[in-house]
Undergrad: 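Once you've had a glance at the structure underneath, I'll fire off some questions.
Along the sequence shown, residues carry numbers from 1. Both ligands and their constituent atoms are indexed starting at 1 by order of listing.
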Amino acid sequence: MTGISTRRAELAATLGAVRERLSHAARAAGRAPEEVTLVVVTKFFPSSDLRALVELGVTDLGESREQELAAKAADLRVSGLPMPRLHFVGQLQTNKARSVAEGADLVHSVDRVKLVTALSKAAAEHGRVLDVLLQVSLGDQPQAGRGGVSPSEVSALAEAVAGQRHLRLRGVMGVPPLGGDPAPAFALLAASAREVREIVPEAREISAGMSDDLELAVAAGATLVRVGRAILGSRPTIR
Ligand SMILES: *Cc1c(COP(=O)(O)O)cnc(C)c1O
């Protein structure tokens, strides 16, 4: 086999295994497997992997850096493949809002009013309505480099998004603290999700769970699971 077809076979196998884990976890939680969407997080991996994943039926891809998202979106657009939904899952600076508002279908990491304003303005300039999630901080300490609004400020931030015509609030996202037990963190996120739905009833998405803890996240109500390593392998070192 050539390198490309070996890689494709590898991705088919790991993707199948993760899909199995997800449907098993959903059934174990008394949920329908279709309630949980797999977002494959492809950061640091080449566009050839993204194309192979789309060919294997993946509908949702995630990236965490604005430039990488823009470059890979452009590659996918010329590939002739059906366009997947593109998720932006990384920390976002306001000066990158324009690019992300153009390239992403769902931004998972809205955690402050300044970013709400910047994304809304950028979405308006692109003549679109942008779907967003509020990223909630799930640790006791502010999570260095990870972002997230504190749970006590989630409602106020939801009101800020609800007031923007060019943004549509779809739910919440969270990353459990490193090294901690993810279960209480996912419970906290579910509580924030309920608060958000009191303000915007259609905001039903809960983005939670990664390679190591997706079962716990599905048990806690996750509707979007963000998986990288379990499908793509360990990431190349950060360039
Ligand atoms: C990289 C990343 C993931 C994927 O994590 P894995 O451990 O590789 O599954 C999920 N969410 C965010 C926000 C990420 O940056």
Undergrad: Hey, mind stepping through R51 and D75 against salt bridge (Lys or Arg N to Asp or Glu O under 4.0 Å) and telling me if it holds?
TA: CA-CA 9 Å; R51 289 195 300 273; D75 285 351; 5.4 Å; no
Undergrad: Whether K72 and E68 form a salt bridge (side-chain N of Lys/Arg under 4.0 Å from carboxylate O of Asp/Glu) is what I want to check.
TA: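 Yes, this pair counts.
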Undergrad: Which atoms form the tightest heavy-atom contact between V39 and L61, and what is the distance?
TA: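 Closest approach of V39 to L61, heavy atoms only: CG1-C, 3.9 Å.
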Undergrad: Is any side-chain N of the basic residue among E55 and R8 closer than 4.0 Å to the acidic one's carboxylate O?
TA: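 Salt bridge flag = yes for R8 with E55.
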Undergrad: When you measure from atom 2 (C) of ligand 1 to every protein heavy atom, which one gives the shortest distance, and what is it?
TA: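 For atom 2 (C) of ligand 1, the nearest protein heavy atom is K43 NZ, 2.5 Å.
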Undergrad: Compute the minimum heavy-atom distance from R235 to ligand 1 and say whether it is under 4.0 Å.
TA: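 Contact check R235 vs ligand 1: positive.
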Undergrad: For V129, which fellow cluster members are found when Ile, Leu, Val, Met, Phe, Trp and Tyr are connected by side-chain heavy-atom distances below 4.5 angstrom, either directly or through intermediates?
TA: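 Besides V129, the hydrophobic cluster comprises nothing; the residue is isolated.
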Undergrad: Could you identify the single nearest non-hydrogen protein atom to atom 7 (O) of ligand 1 and state the distance to 0.1 Å?
TA: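 Of the protein heavy atoms, R229 NH2, 2.7 Å lies nearest.
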Undergrad: Do R7 and F45 touch side chain to side chain, with heavy atoms closer than 4.5 Å?
TA: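 When only atoms from C-beta onward are counted, F45 and R7 do touch, with a gap below 4.5 Å.
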Undergrad: Please identify which atoms of ligand 1 are closer than 4.0 Å to at least one heavy atom of V227.
TA: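 Checking each atom against V227, I get 9 (O).
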Undergrad: For atom 13 (C) of ligand 1, what is the nearest protein heavy atom, given as residue, atom name and distance?
TA: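 Going atom by atom, the protein heavy atom closest to atom 13 (C) of ligand 1 ends up being V89 O, 3.4 Å.
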Undergrad: Using a 4.0 Å cutoff against the non-hydrogen atoms of R226, which atoms of ligand 1 qualify?
TA: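 Taking each heavy atom of R226 in turn, ligand 1 has 4 (C), 9 (O), 10 (C), 11 (N), 12 (C), 13 (C) under 4.0 Å.
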Undergrad: Is there a polar contact, in the sense of an N or O pair closer than 3.5 Å, between G228 and ligand 1?
TA: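 It does: an N or O of G228 is found under 3.5 Å from an N or O of ligand 1.
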Undergrad: Counting non-hydrogen protein atoms only, what is the nearest one to atom 9 (O) of ligand 1? Give residue, atom name and distance.
TA: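 Answer, as residue, atom name and distance: S211 OG, 2.5 Å.
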Undergrad: Report yes if some heavy atom in the side chain of T42 is under 4.5 Å from a heavy atom in the side chain of E63; otherwise report no.
TA: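 T42 vs E63: side chains touch.
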Undergrad: Considering heavy atoms of the protein only, find what lies nearest to atom 10 (C) of ligand 1 and give residue, atom and distance to 0.1 Å.
TA: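 So the nearest neighbour among protein heavy atoms is M210 SD, 3.2 Å.
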